[in-house]
There are 2 protein chains.
Amino acid sequence: MSLNRNVSSIASLISDPSRAAILLHLLDGRCHPAGDLAAAAGITPQTASFHLAKMAELGIVTVEKHGRHRYYRIAKASDAEMIEQLLSFAGPVPVISLRQSDQMKKLRHARMCYDHLAGEAAVRIAESLQRAGHLQKDGLQLHVTASGERFFADLGLDLPQLRKKRRAFSRCCLDWTEREHHLAGALGQGLTELMFAMDWFRREEQSRAVRITQEGMQGMAERFGIQLD
Amino acid sequence: MSLNRNVSSIASLISDPSRAAILLHLLDGRCHPAGDLAAAAGITPQTASFHLAKMAELGIVTVEKHGRHRYYRIAKASDAEMIEQLLSFAGPVPVISLRQSDQMKKLRHARMCYDHLAGEAAVRIAESLQRAGHLQKDGLQLHVTASGERFFADLGLDLPQLRKKRRAFSRCCLDWTEREHHLAGALGQGLTELMFAMDWFRREEQSRAVRITQEGMQGMAERFGIQLD
DNA sequence: TCCACATTTCGATGATAATAGAAACGTCCA
DNA sequence: TGGACGTTTCTATTATCATCGAAATGTGGA
């Protein structure tokens, strides 16, 4: 239940390190049980529960009960993008350890931004689609052109179905590692889903990072004209 | 002195209502004495001083001593834009009351975003420049085309000089009232300065709002092909 | 030289909120 | 049916921090 979501209340949500850690963990778009989030933030389950209740009250997260677990996830894609943007404000994250920089490298390469792809791969895809004239930027919208309609249909996407969803159809999302836009909205989600179905990408366990498969490399080259290494 | 600017510290800066009020007041890009900022936030000078010291330590604001006054301003344009963006997170600006406050209407129409123009007028200008082929969007950059070079030179802007500045030359800035991009960077600042010099716009006292003059109307129509009312 | 004024520093206070212990609740499993 | 487990609620503790009064600093003007 979204209450009084003014600037201060949103900011104070993220200003607490424990909550920031929880939100960061939830940014992978997956559902997470409360206990996992507590562990991720390094706090007791009670405290995590306290924070999650506060977030739920603001409508940032939603709960799903399954057995004795309660699975939390970020409620709206737009909020996930908001948090992503806040990350970009923090500036270049200082590298602490080699292990961390390795993980960071992976994240920069390809990761989930809630329900759609982000990172270098996603930015390159968005660029390619615009260069080919399939998408056209208009403010924060990304219009699908006539050639784009054919392209996505050919790829196997049901655009009329995606348009029906009660959310923005096709829009830009600022990538905090690349500092460029990638594709978000129903189309971004649908395309990401499709690419996973085609096994172009595979999710890593316990992480937002995404791995590109051999099929993915090939497909990206053939379909989008992108050479990733 | 930019110290450890992580997400939490940035967010906690804005999470406090008093600090938020101060920052909002500083968003006009002008210098403000500490006392004014205290009054604007409704706190005592001591408390304002406390907050300002904290912001200065994070490198968000800088001080300039003039006589017995200390003038504060936002240190970097990029930080001002960050705060502008945080405002847009407050949600799809809900209609607060039937009669929108007069001030709000003015702000939506035209206002300062730190050192460049924002609001409907600014978005329309940016659109116009792209439509005419003077600017070309590329990610978050706005490239000046060959025709753009001529256009701006003709207008009276010294582009080589603007390029020399140690900041982004020409880039997009998200307008939180229009939810579209307007022109920022050295070019946005230079163009705004020029338009003020030509008396197209005039600043309102004690506000970020900007008034368009008769000359401005005429100039906008002739130069940019924009009809503002 | 003295006073007014803008601002900061110091010190104290009071409110807020993050935290974890204890206990309760509900679910799964043996 | 009983116990383990994940989670929440309740409660107390603790630390933090925004705030302001008092005093200090520094500047300008008379």
Side-chain angles (χ1 to χ4, degrees), chain A residues 1 3-26 30-58 60-73 206, chain B residues 1 3-26 30-74 206:
Chain A
M1 293 303 127
L3 281 172
N4 194 22
R5 299 184 59 178
N6 53 28
V7 193
S8 291
S9 68
I10 290 287
S12 72
L13 223 108
I14 307 160
S15 67
D16 178 69
S18 299
R19 278 194 295 263
I22 290 176
L23 285 171
L24 219 64
H25 213 72
L26 285 171
R30 286 195 262 226
C31 292
H32 292 273
D36 280 17
L37 295 170
I43 49 180
T44 58
Q46 305 98 291
T47 307
S49 179
F50 165 76
H51 286 308
L52 287 165
K54 191 172 277 187
M55 294 187 207
E57 197 181 340
L58 271 165
I60 297 278
V61 300
T62 51
V63 206
E64 244 175 82
K65 288 177 65 173
H66 278 125
R68 51 186 161 183
H69 294 265
R70 299 216 183 172
Y71 290 93
Y72 286 90
R73 63 181 179 80
Q206 307 284 28
Chain B
M1 315 270 146
L3 279 172
N4 196 20
R5 299 183 60 179
N6 54 28
V7 194
S8 293
S9 67
I10 290 288
S12 73
L13 235 131
I14 306 160
S15 67
D16 178 69
S18 299
R19 277 194 295 261
I22 289 176
L23 285 171
L24 221 63
H25 212 72
L26 285 172
R30 284 195 264 226
C31 292
H32 292 272
D36 281 18
L37 295 170
I43 49 180
T44 57
Q46 306 97 291
T47 308
S49 179
F50 165 75
H51 287 307
L52 287 166
K54 193 172 277 186
M55 294 186 206
E57 197 181 341
L58 271 165
I60 297 279
V61 300
T62 51
V63 206
E64 242 175 82
K65 289 178 64 174
H66 279 126
R68 50 187 160 184
H69 294 266
R70 298 215 183 172
Y71 290 93
Y72 286 90
R73 63 182 179 78
I74 295 179
Q206 306 285 28

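The chains referred to below are lettered A, B, ... by the order of the sequence lines, with proteins before strands, and numbering in each begins at 1. Values below: all heavy atoms of this structure, side chains included; hydrogens, waters and symmetry mates excluded.
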Figure out the CZ/P separation between B:F50 and C:dA6, and round it to whole Å.
23 Å
When rounded to the nearest 0.5 angstrom, what distance separates NE2 in A:H25 from CZ in A:R30?
8.5 Å
C:dT27 OP1/OP2 closer than 4.0 Å to side-chain N/O of A:H69:
no
A:R70 CZ to D:dG6 P, in whole Å, measures 14 Å
Hey, is the side chain of A:H51 poking within less than 4.0 Å of OP1 or OP2 on C:dT19, counting only N and O atoms?
yes
Steps toward side-chain contact (heavy atoms from CB on, under 4.5 Å) verdict (A:I14, A:R19):
CA-CA 6 Å; A:I14 307 160; A:R19 278 194 295 263; over 6 Å; no
Just jot down the side-chain contact (heavy atoms from CB on, under 4.5 Å) partners of B:A21, sequence neighbours excluded, or say none.
B:A41
Taking 4.0 Å as the cut-off, does a side-chain nitrogen or oxygen of B:S18 come that near to OP1 or OP2 on D:dT19?
yes
Let me know the distance between CG of B:L52 and P of C:dT8, rounded to the nearest Å.
7 Å
Interatomic distance, B:K54 NZ vs D:dC17 C1' [rounded to whole Å]:
7 Å
Spacing of CG belonging to A:L23 relative to CG belonging to A:L52, to within rounding of 0.5 Å:
9.0 Å
Note: for A:R68 and B:H32 on DNA chain C, the residue whose nearest nucleotide lies more 5' is B:H32
Send over the distance from A:Q46 CD to D:dT11 C1', rounded to a whole Å.
12 Å
For B:I43 and D:dC17, what is the distance between atoms CD1 and P respectively, to the nearest whole Å?
16 Å
Rounded off to whole Å, could you give me the CG-to-C1' distance for the A:D16 and D:dC17 pair?
14 Å
Base, sugar-phosphate or nothing for B:Y72? Non-hydrogen atoms, less than 4.0 Å.
sugar-phosphate
How many angstroms lie between atom CG of A:L37 and atom CZ of A:R70, to the nearest 0.5 angstrom?
13.5 Å
Please report the distance, rounded to the nearest Å, between CD in B:E64 and P in C:dT7.
14 Å
A:T47 side chain N/O closer than 4.0 Å to the phosphate oxygens (OP1, OP2) of C:dT19?
no
For A:R19 and C:dA18, is the shortest distance between a side-chain N/O and OP1 or OP2 below 4.0 Å?
yes
